[in-house]
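Input: a single structure, listed below in structure tokens.
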Amino acid sequence: MKKFQLGQSKEGAIDLFPEKVIKRVKLGNKEIGIVRVGNHFFAFDSLCPHRGASLIQGSINGYEEIICPLHQYRFDLKTGVLQSGSCSDLEVYQTNLTDEGLIIQLNSGN
């Protein structure tokens with residue numbers, strides 16, 4: 001696994017990500033989306049596994065799901081499991097908000 005740190009403190013990481021605003025972030029060779037809901041951070045592939053639509057233009061609903069802008073497929077932000085639609089699950093990445101900042105772990109293949 002590869003670990004990346006964003007921000008230099010817990011508060012700094014929170015300030016980088018306004019509430020429910022999806023941001024595109026490049027970590028190494030991988031482009032992902034990150035969104036903050038309260039003090040919870042979610043990191044996920046930036047493209048929908050169905051047709052490759054940009055999830056950066058997606059939206060977040062009240063159930064902590066990201067909604068694809070192309071066909072409104074919904075994915076659970078915690079698990080990546082498809083909630084509505086017909087395609088494979090979304091790849092999600094582990095996040096951990098620490099006193100030193102936001103730590104994101106990518107699979108070793110990324």
Side-chain angles (χ1 to χ4, degrees):
M1 296 209 128
K2 294 180 185 176
K3 289 186 180 181
F4 295 88
Q5 178 177 323
L6 300 175
Q8 308 245 343
S9 67
K10 182 183 282 189
E11 296 78 17
I14 289 171
D15 289 345
L16 286 172
F17 297 92
E19 178 88 8
K20 293 188 178 180
V21 174
I22 302 167
K23 288 193 143 187
R24 179 185 331 232
V25 176
K26 187 159 185 166
L27 302 177
N29 294 326
K30 184 77 173 167
E31 186 177 278
I32 66 170
I34 300 175
V35 67
R36 178 176 66 85
V37 179
N39 282 340
H40 300 281
F41 286 83
F42 302 97
F44 49 89
D45 268 352
S46 63
L47 300 177
C48 180
H50 177 236
R51 291 276 176 106
S54 174
L55 293 175
I56 305 304
Q57 277 80 48
S59 59
I60 307 300
N61 67 16
Y63 301 103
E64 294 184 344
E65 296 171 338
I66 186 162
I67 303 168
C68 179
L70 187 59
H71 294 113
Q72 282 64 58
Y73 287 7
R74 296 187 341 259
F75 302 91
D76 184 297
L77 284 168
K78 292 179 205 147
T79 64
V81 171
L82 178 70
Q83 300 298 311
S84 172
S86 180
C87 73
S88 58
D89 293 338
L90 178 67
E91 187 164 6
V92 296
Y93 307 102
Q94 183 178 345
T95 63
N96 186 23
L97 184 60
T98 70
D99 290 337
E100 289 76 40
L102 178 64
I103 307 298
I104 300 169
Q105 294 185 8
L106 298 184
N107 302 332
S108 56
N110 295 320

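For the numbers below, each heavy atom of this structure counts, side chains included, while hydrogens, waters and symmetry mates do not. We count residues from 1, following the sequence as given. Remember, it's a predicted structure, so these values are computed and weren't measured experimentally.
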message: I'd like to check the side-chain hydrogen bond (donor to acceptor under 3.5 Å, both in side chains) partners of His40; sequence neighbours left out, ordered by chain and number.
response: none
Contacts of Ser54 that satisfy side-chain hydrogen bond (donor to acceptor under 3.5 Å, both in side chains) - sequence neighbours left out: Gln57
- prompt: What residues, two or more places apart in sequence or in another chain, satisfy side chain to side chain contact (heavy atoms under 4.5 Å, CB included) together with Ser84?
  reply: Arg74
- request: Just jot down the side chain to side chain contact (heavy atoms under 4.5 Å, CB included) partners of Leu16, sequence neighbours excluded, or say none.
  value: Leu6
message: Nearest 0.5 angstrom please: Leu77 CG to Thr95 OG1, how far?
response: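 Answer for the CG-OG1 pair, Leu77 versus Thr95, is 10.0 Å.
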- prompt: Say you draw a straight line from CZ of Phe44 to CD1 of Ile66; how long is it, rounded to the nearest 0.5 Å?
  reply: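 CD1 of Ile66 is found 3.5 Å from CZ of Phe44.
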- request: May I have all residue pairs that pass side-chain hydrogen bond (donor to acceptor under 3.5 Å, both in side chains) and include part of residues 7-24, sequence neighbours excluded?
  value: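 Qualifying pairs, neighbours excluded: Glu19-Arg36, Arg24-Glu31.
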- prompt: Taking only residues two or more places apart in sequence or in another chain, which ones pass ring-ring contact (aromatic ring centres under 6.0 Å, His included) with Phe17?
  reply: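 In terms of ring-ring contact (aromatic ring centres under 6.0 Å, His included), with neighbours along the sequence ignored, Phe17 is linked to Phe41.
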- prompt: According to the ring-ring contact (aromatic ring centres under 6.0 Å, His included) rule, which pairs have a member within residues 54-78, sequence neighbours left out?
  reply: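 Every pair satisfying ring-ring contact (aromatic ring centres under 6.0 Å, His included) with a residue in residues 54-78: His50-His71, His50-Tyr73, His71-Tyr73.
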field: Pairwise side-chain contact, Pro49 with Leu90, heavy-atom cut-off 4.5 Å (strictly under)
entry: yes
- prompt: Does any donor atom in the side chain of Asn107 or Tyr93 lie under 3.5 Å from an acceptor atom in the other side chain?
  reply: no
- request: Give a yes or no on whether the backbone of Gly62 and the side-chain of Glu65 come within a donor-acceptor separation of less than 3.5 Å.
  value: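 Side chain of Glu65 to backbone of Gly62: no pair is present.
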Gln5 side-chain N/O to Lys3 backbone N/O, donor-acceptor pair under 3.5 Å: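 No: the side chain of Gln5 does not pair with the backbone of Lys3.
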task: Would you mind listing every salt bridge (charged side-chain N to carboxylate O under 4.0 Å, His left out) that reaches into residues 77-89, with sequence neighbours excluded?
output: Glu64-Lys78
task: Could you state whether Ile56 and Val25 fall into the same hydrophobic cluster, counting links through intermediate Ile, Leu, Val, Met, Phe, Trp or Tyr residues with side-chain heavy atoms under 4.5 angstrom apart?
output: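 Different clusters.
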May I have the list of side-chain donor-acceptor pairs in residues 96-104 shorter than 3.5 Å, sequence neighbours left out?
unit_1: Thr98; atom_1: OG1; unit_2: Glu100; atom_2: N; d: 3.1
unit_1: Thr98; atom_1: OG1; unit_2: Gly101; atom_2: N; d: 3.3
unit_1: Thr98; atom_1: OG1; unit_2: Gly101; atom_2: O; d: 2.9

- request: Could you list who else is in Ile67's hydrophobic cluster, with ILVMFWY side chains joined at under 4.5 Å, directly or through other members?
  value: none
message: Starting from Leu47 and following side-chain heavy-atom contacts under 4.5 Å between hydrophobic residues (I, L, V, M, F, W, Y), which residues can be reached?
response: none
- request: Decide yes or no on side chain to side chain contact (heavy atoms under 4.5 Å, CB included) for Leu55 and Cys68, but give the supporting numbers first.
  value: CA-CA 6 Å; Leu55 293 175; Cys68 179; 3.8 Å; yes
